[in-house]
Amino acid sequence: MINLNVNIKENNKTYPIIIDNNDIKLLKTEILKHLKGKKFVVVFSQKVDKLYGSLLGFEKNDKFILKDGENQKNLKNYEKILAFCLNKKLTRDDAIIAIGGGVAGDIAGFAASSYMRGIDFIQVPTTLLACVDSSVGGKTAVNTSFGKNLIGSFYQPKAVIINTNFLKTLDERNFKTGLGEVVKYAFIEKSCKCKEELNLINFLEENYKKILDYDSQILTELIKICLLLKISVVENDEKESGLRRILNFGHTYGHAIEKLTKYKKYTHGECVVEGIKFAFNLALNNNLIDKNYLYFMQDVIKKFSFKEIPPFELKKVIPVMKTDKKSSTDFIRFILPVDYSTVKEFEFNELLTIS
Ligand code: GLY
């Protein structure tokens, strides 16, 4: 078992992250230890409930089953979760648990942050993407017709409990979307201000075959490394006023092509990987890196055989990139590589030259 801790200095908030591969039958007891007898509602991804519901053993009455898919992260379901909690007469002392991927975690976290002005929240991520990224750091949200994640809050969970057994049933595409975020961490590691030297790029190069074989021990180590990097970033900048923006490496272009394809054609991770390639090319064109580092990135990424996305016309992508990150500006903000596993933020104008 691995125990990590998040300490958000700004508001003195501390919480544990537990990573293990114990029998899933034992997980309910493990989760309830963090609740100390409180009442709770479990927001359950439908897919995970089908596969693991009976093993986990939560009462039907305590479960809000959420269909899968990004489009389920909407205000209607948010309201339904709150009504479910009200019907169960949850009080301010009670809790919401999310069991599922990023969709369940984001919407349940937002419900927890606003129910009775905020109740305890436990994240049990079951996808690789949720394990390495969305379950930690306190971003919660729902989508609206105006865009993704525009309504939400920063609300840190009380605990994050990761059981790597869930990953065994992830299909390849879902697994690789998580690997897209993993690769992102590798190329930003030195900028994360982590005290430990983790060398994620080496880890990926040495272990990519085992990772692609879903080797449990290696995946546990991989999640630990990514989370140590994420923890270091969010501890320094919970509300994304500075350092946390580096986690958007690959996301400026990535988000734009996700949006242009209506969030249907490609997964988030596939788009992030394309965004990383775009960022490297932009960095090369602006003499921030040399060609060898670009080739090096291509070699690392090739090992994971991500789905390739054909390039989009810049005149279509640029207007979408300009409105990324909840702000409409005259410039486009990019996180770009400047050295081995090091990134910096730059502002570009519409011609994609540094402004
Ligand atoms: N997923 C990026 C962040 O948590 O800031």
Side-chain angles (χ1 to χ4, degrees), residues 4 6-11 13 15 17 70 73 98 100-110 112-113 121 123 125 127-143 147-157 160 162 174 176-189 191-194 200 222-223 225-259 263 267-276 279 321 324-327 333-336 343-345:
L4 307 176
V6 184
N7 290 299
I8 309 280
K9 291 171 200 116
E10 255 170 67
N11 55 15
K13 180 114 192 100
Y15 57 94
I17 302 174
E70 188 65 35
K73 218 173 87 179
V103 170
D106 282 9
I107 193 169
F110 185 44
S113 77
F121 174 50
Q123 286 265 24
T127 62
L128 183 61
L129 187 96
C131 289
V132 297
D133 193 38
S134 61
S135 66
V136 171
K139 278 190 179 175
T140 81
V142 290
N143 306 328
K148 245 178 106 173
N149 297 331
L150 294 180
I151 312 286
S153 58
F154 286 100
Y155 194 68
Q156 301 296 336
V160 180
I162 297 172
N174 245 310
K176 285 205 180 160
T177 195
L179 285 181
E181 291 286 351
V182 167
V183 168
K184 171 196 82 178
Y185 284 113
F187 290 110
I188 66 170
E189 172 169 344
S191 301
C192 288
K193 298 198 173 164
C194 186
L200 179 54
L222 182 68
I223 294 168
I225 295 173
C226 293
L227 288 183
L228 282 170
L229 297 171
K230 175 133 196 195
I231 291 167
S232 172
V233 172
V234 297
E235 281 184 345
N236 277 289
D237 176 22
E238 181 194 17
K239 303 256 164 79
E240 200 171 303
S241 46
L243 181 70
R244 190 167 179 165
R245 293 210 281 262
I246 66 169
L247 297 180
N248 296 325
F249 178 52
H251 284 61
T252 311
Y253 181 83
H255 279 155
I257 60 174
E258 254 188 300
K259 199 166 179 181
Y263 303 98
T267 68
H268 178 66
E270 285 161 3
C271 294
V272 168
V273 171
E274 287 306 315
I276 292 173
M321 292 198 292
D324 189 40
K325 281 289 130 193
K326 300 152 191 81
S327 66
R333 208 174 248 161
F334 279 99
I335 306 297
L336 296 185
V343 288
K344 269 194 188 147
E345 185 176 281

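Counting convention: from 1, in listed order, for ligands and their atoms alike. In this chain, residues are counted from 1 in sequence order.
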Discussion item. Would you say Y253 and E274 are linked by a side-chain donor-acceptor pair, where the criterion is simply a distance under 3.5 Å?
Written reply: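 There is no such pair between these side chains.
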Worksheet item: Short N/O distance, under 3.5 Å, between N248 and ligand 1?
Response: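 Not met; the criterion fails.
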Fill in: Check: K139 N/O within less than 3.5 Å of ligand 1 N/O
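It does: an N or O of K139 is found under 3.5 Å from an N or O of ligand 1.
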Fill in: Any side-chain heavy-atom pair of L336 and F249 under 4.5 Å
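Answer no - side chains too far apart.
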Worksheet item: Is H251 in contact with ligand 1, taking contact as a heavy-atom separation below 4.0 Å?
Response: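 So H251 does not count as touching ligand 1.
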With a cut-off of 3.5 Å and sequence neighbours excluded, list every side-chain donor-acceptor pair involving residues 179-188.
from: E181; atom 1: OE1; to: K184; atom 2: NZ; distance (Å): 2.8
from: E181; atom 1: OE2; to: H251; atom 2: NE2; distance (Å): 3.0
from: E181; atom 1: OE2; to: H268; atom 2: NE2; distance (Å): 2.9
from: K184; atom 1: NZ; to: L247; atom 2: O; distance (Å): 3.0
from: Y185; atom 1: OH; to: V132; atom 2: O; distance (Å): 2.9
from: Y185; atom 1: OH; to: D133; atom 2: OD1; distance (Å): 3.1

Discussion item. Restricting to non-hydrogen atoms, name the atom on S191 and the atom on L243 that form the minimum distance, rounded to 0.1 Å.
Written reply: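 Answer, listing the atom of S191 first, then L243: O-CD1, 3.4 Å.
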Worksheet entry | Shortest non-hydrogen contact between S135 and P157, atoms and distance |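 So the two residues come closest at O-CG, 4.0 Å.
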Worksheet item: Any idea which atoms of ligand 1 are less than 4.0 Å away from a heavy-atom of R244?
Response: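 Those atoms are 3 (C), 4 (O), 5 (O).
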Fill in: Nearest-neighbour protein heavy atom for atom 4 (O) of ligand 1, which is reported as residue plus atom name and distance
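Here the nearest protein heavy atom works out to K230 NZ, 2.5 Å.
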Worksheet entry | Closest protein heavy atom to atom 1 (N) of ligand 1, given as residue, atom name and distance to 0.1 Å |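 The closest one turns out to be D133 OD2, 2.9 Å.
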